[in-house]
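Here is the structure we will look at.
Proteins get letters first, then strands, A, B, ... in listed order; numbering begins at 1 in each.
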Amino acid sequence: MLRIDDTDFARSKKEYEDAMRESLKWLGFNWCEEARQSARFARYDALRDELIAKGRIYACYDTPEELQIKRKRAMAKGEAPIYDRQALRYTEADLAKFKAEGRKPHYRFKLLPGIIEWNDIVRGHCQYEAEKLSDPIIIREDGSYLYHFPSCVDDSDFGITHIVRGEDHVTNTAAQIQMFEAIGGKVPTFAHLPLLTGVEGKLSKRLGSLGVRELKAEGVEAMAICSFLAKLGTSDAIEPFYSLDELADSLDFEKLGRSQPKFDEEELKHFNTKFVRSMPYAAVKDRVNVSEEFWNKVRPNLDLVSDIKIWADICHSEVTPIIEDKALTDLAADLLPPEPWNDETFNTWLNEVKAQSGKKGKELFHPIRKALTALDNGPELKTLLPLIGREKAQKRLKGIKA
RNA sequence: GGUCCCAUCGUCUAAUGGUUAGGACAUCACCCUUUCACGGUGGCAAUAUGGGUUCGAGUCCCGUUGGGAUCACCA
């Protein structure tokens with residue numbers, strides 16, 4: 001299920017949602033159901049009214065400025081900046097005054113005193129004293145909901161069994177557990193994963209340090225990203241997976257560490273190269289315009305899947321040869337045996353070139369490679385030559401564009 | 001500042017209180033390839049720090065230092 005948490009009108013833009021969908025789909029995620037919080041306000045309102053009647057949700061008239069001042073004062077005194085619940089002590093006169101001033105209330109969820117505890121799949125037993133937590137604001141002055149309340153209602157209504165999220169949510173969990181209880185829902189099982197850090201410190205989705213779109217544009221494979229990220233911070237080796245299902249099957253909460261792994265984009269790129277070189281034809285056949293045989297022969301030399309085009313062009317289109325040693329390449333052209341070729345053709349031919357030219361090793365291979373491909377490196381010439389074919393090979397060795 | 005979490009090779013991590021502290025990635029060396037690349041085999045490399053508990057501590061306890069999260073009318 002994909003759930004769109006779009007209760008904040010100011011921040012919920014269609015383009016953000018579209019970008020997220022696009023990235024999720026590209027990464028290979030599928031969902032068969034969708035829900036949108038902005039379509040469920042009636043449900044939230046009903047529960048809200050119930051909880052207001054029970055005294056678990058209460059109206060507050062503090063302004064953001066007043067709250068800010070209170071927070072600063074508390075911290076300056078070395079106290080925890082917890083909301084002082086002044087709203088619970090309003091007199092009739094106070095309320096009349098707010099009304100006269102035209103102030104509108106926002107609403108908080110009232111935490112019950114006591115220890116809130118849960119058994120976190122990755123953090124183990126967790127506990128917080130409710131008295132040391134602020135009553136969370138759940139409805140803004142403009143009447144719109146903040147994420148806490150709708151999310152608990154939805155998780156409960158949709159029968160969500162496990163909440164797996166970043167550890168930046170641990171404190172929220174304490175308050176949310178009381179919300180689940182207040183609305184009569186079942187408290188889900190929680191797993192709070194350590195947040196990744198960047199090589200030079202924090203990594204934040206809000207800083208835009210990392211974007212799926214950018215990685216995609218740089219040629220990083222979707223499954224390389226998934227394989228890498230899923231195993232980072234676990235005791236499993238990071239290795240290529242070609243399907244999300246297989247990857248998911250290999251995952252195990254037991255293997256998750258509790259300390260923050262570093263995410264290094266360079267490492268991902270490096271892994272991606274390894275990933276591309278190991279990709280089976282089935283994983284790329286829809287995107288590349290080459291045969292399985294061609295893919296398998298050239299793939300160990302690719303950095304990006306799109307580089308396959310470079311080799312397809314070298315074998316099937318025109319190349320302007322680079323002649324480094326004219327005597328040698330002319331000789332090689334003259335000695336090129338007639339087709340059909342077999343496995344021994346290359347060796348026989350090259351040995352003859354070697355014998356007649358007196359050149360060996362790099363001096364022998366490099367000029368031939370440059371003439372045939374115009375590049376410094378690539379798959380073995382023995383592999384490449386049959387793919388290029390006699391006609392093109394001979395012309396290129398003679399310095400003719402072919 | 002309050003609350004909470006974390007600390008083992010460069011990186012990700014493994015080790016019922018008893019191992020030469022293991023693996024993977026990176027790096028280096030060698031081998032293979034009559035060339036570059038690919039590949040194969042080896043080497044280097046770590047328990048942040050100070051106390052305790054114990055016959056014995058990476059492992060348990062306390063302190064220190066360092067890192068992170070949270071304390072929004074964001075999610």
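Residue A/P300 has its side chain nearest to B/C38 when only B/C36, B/C73, B/C38 are considered. Ranking B/A75, B/A14, B/C73 by closeness to the A/D168 side chain, first place goes to B/A75. Here B/U35 is the nucleotide among B/A69, B/C38, B/U35 with the atom lying nearest to any side-chain atom of A/R369. Side chain of A/D5, nearest nucleotide from B/A24, B/A72, B/A75: B/A75.
Counting to the nearest Å, the P atom of B/A69 and the CG atom of A/L195 are 7 Å from each other. Residue A/D135 contributes atom CG, which lies 12 Å from atom P of B/C73 at whole-angstrom precision. With rounding to whole Å, A/Y83 atom OH is found 12 Å from B/C73 atom C1'. Whole-Å rounding puts the A/E239 CD to B/A24 C1' distance at 9 Å. Atom CZ of A/F263 and atom P of B/U11 are 16 Å apart (whole Å). Rounded to an integer number of Å, the gap from A/Y145 OH to B/C74 P is 15 Å. The distance between atom CZ of A/F149 and atom P of B/C74, rounded to the nearest whole Å, is 17 Å. For A/K262 and B/C12, the NZ to C1' distance is 10 Å, given to the nearest whole Å.
One P atom belongs to B/A37, the other to B/A48, and the distance between them is 39 Å to the nearest Å. Distance noted for atom P between B/U49 and B/C32: 44 Å (whole Å). Here, B/G58 and B/G52 have their P atoms 15 Å apart, quoted to the whole Å. Comparing B/G43 with B/G63, their C1' atoms are spaced 40 Å from each other, to the whole Å. Comparing B/C30 with B/A21, their C1' atoms are spaced 27 Å from each other, to the whole Å. To the nearest whole angstrom, the two P atoms, one in B/C36 and one in B/U11, are 33 Å apart. Look at the P atom in both B/U64 and B/A57: the space between them is 23 Å, to the nearest Å. Of the C1' atoms belonging to B/U8 and B/G23, the separation is 13 Å, rounded to the nearest Å.
Salt-bridge formation is detected for the pair A/R11/A/D8: a Lys NZ or Arg NE/NH1/NH2 atom is positioned less than 4.0 Å from an Asp or Glu carboxylate oxygen. Between A/R3 and A/D5 there is a salt bridge, since a side-chain N of the basic residue sits under 4.0 Å from a carboxylate O of the acidic one. In this structure, A/K70 does not pair ionically with A/E66, as no charged nitrogen and carboxylate oxygen lie closer than 4.0 Å. Under 4.0 Å is where a charged nitrogen must lie from a carboxylate oxygen, and between A/E79 and A/R71 no such pair does.
Put simply, the side chain of A/N301 and the base of B/A37 share a donor and an acceptor less than 3.5 Å apart. Applying the 3.5 Å distance criterion, the base of B/U34 shares a donor-acceptor pair with the side chain of A/K354. A donor and an acceptor atom never sit less than 3.5 Å apart when one is taken from the side chain of A/N347 and the other from the base of B/U34.
Within the 4.0 angstrom heavy-atom criterion, no nucleotide atom of any strand lies near A/L364. Residue contacts for A/E129: at a heavy-atom cut-off of 4.0 Å it reaches no nucleic acid atom on any strand shown. Within 4.0 Å (heavy atoms only), A/R71 reaches sugar-phosphate atoms of the nucleic acid but no base atom. Within the nucleic acid shown, A/H366 has no heavy atom closer than 4.0 Å to any nucleic acid atom. Residue contacts shown for A/T234 are limited to sugar-phosphate atoms, with no base heavy atom under 4.0 Å away. A/I82 comes within 4.0 angstrom of no nucleic acid atom, judged by non-hydrogen atoms across all strands. Among the heavy atoms of the strands, none lies under 4.0 Å from A/S134. Contact annotation for A/D142: no contact, since no heavy-atom pair falls under 4.0 Å across all strands. Within the 4.0 angstrom heavy-atom criterion, base atoms lie near A/N172. Backbone-only engagement by A/T7 is indicated by non-hydrogen atom pairs under 4.0 Å involving sugar-phosphate atoms exclusively. Among the heavy atoms of the strands, none lies under 4.0 Å from A/D264. Among the atoms of the strands shown, none is found under 4.0 Å from any heavy atom of A/K360.
The shortest distance between the side-chain N/O atoms of A/R277 and the OP1/OP2 oxygens of B/C38 is below 4.0 Å.
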**Request:** Would you sort out whether A/T373 and A/R369 count as a side-chain hydrogen bond (donor to acceptor under 3.5 Å, both in side chains), showing the intermediate values?
**Result:** CA-CA 6 Å; A/T373 70; A/R369 177 180 290 285; 5.0 Å; no
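Across all strands shown, B/G68 is found opposite B/C4 as a Watson-Crick or G-U wobble partner, with both distances under 3.5 Å. Across all strands shown, B/C30 forms a Watson-Crick or G-U wobble pair with B/G40, both key distances being under 3.5 Å. With a 3.5 Å ceiling on both atom-pair distances, the Watson-Crick or G-U wobble partner of B/C25 is B/G10. In a base pair of the Watson-Crick type (N1 to N3 plus N6-O4 or O6-N4) or a G-U wobble (N1-O2 and O6-N3), with each distance short of 3.5 Å, B/G50 is matched with B/C62.
A/Y83 carries A/R108 over the face of its six-membered ring, with the cationic atom under 6.0 Å from the centre and within 45° of the normal.
At least one side-chain heavy atom of A/F263 sits under 4.5 Å from a side-chain heavy atom of A/L268.
Inspection of the A/Q178 and A/K110 side chains reveals no N or O donor paired with an N or O acceptor under 3.5 Å.
Applying the side chain to side chain donor-acceptor pair (under 3.5 Å) test to residues at least two apart or on different chains, the pairs with a partner in residues 232-241 of chain A are A/K231-A/D236, A/D236-A/K255.
Each of A/K255 and A/D62 lies near RNA chain B, and the nucleotide nearest A/K255 is the one positioned closer to the 5' end.
For the side-chain contact (heavy atoms from CB on, under 4.5 Å) with A/F228, the lone residue among A/H270, A/E267, A/E221 that qualifies is A/E267. A side-chain contact (heavy atoms from CB on, under 4.5 Å) with A/Y107 holds for exactly one of A/L146, A/D135, A/I57; it is A/I57.
In summary, the aromatic rings of A/F253 and A/H162 are positioned with their centroids too far apart to meet the 6.0 Å limit.
Under the 30°/60° scheme for interplanar angles, the aromatic rings of A/F275 and A/Y242 are found to be tilted. In this pair, A/F294 and A/H316 present their aromatic rings tilted. The plane angle is within the 30 to 60° band.
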Using a cutoff of under 3.5 Å, can you pull out all pairs of nitrogen or oxygen atoms linking the protein to nucleotides 1-6 of chain B, with atom names and distances?
unit_1, atom_1, unit_2, atom_2, d
B/G1, O2', A/G78, O, 3.0
B/C4, O2', A/R123, NH1, 3.4
B/C4, O2', A/Y128, OH, 3.3
B/C5, O4', A/R123, NH2, 3.3
B/C5, O3', A/R258, NH2, 3.1
B/C5, O2', A/R123, NH2, 3.3
B/C6, OP1, A/R258, NE, 3.4
B/C6, OP1, A/R258, NH1, 3.0
B/C6, OP1, A/R258, NH2, 3.2

Below 3.5 Å between N/O atoms, which protein atoms pair up with nucleotides 26-30 of chain B? Just atom names and distances, please.
unit_1, atom_1, unit_2, atom_2, d
B/A26, OP1, A/H270, NE2, 3.0

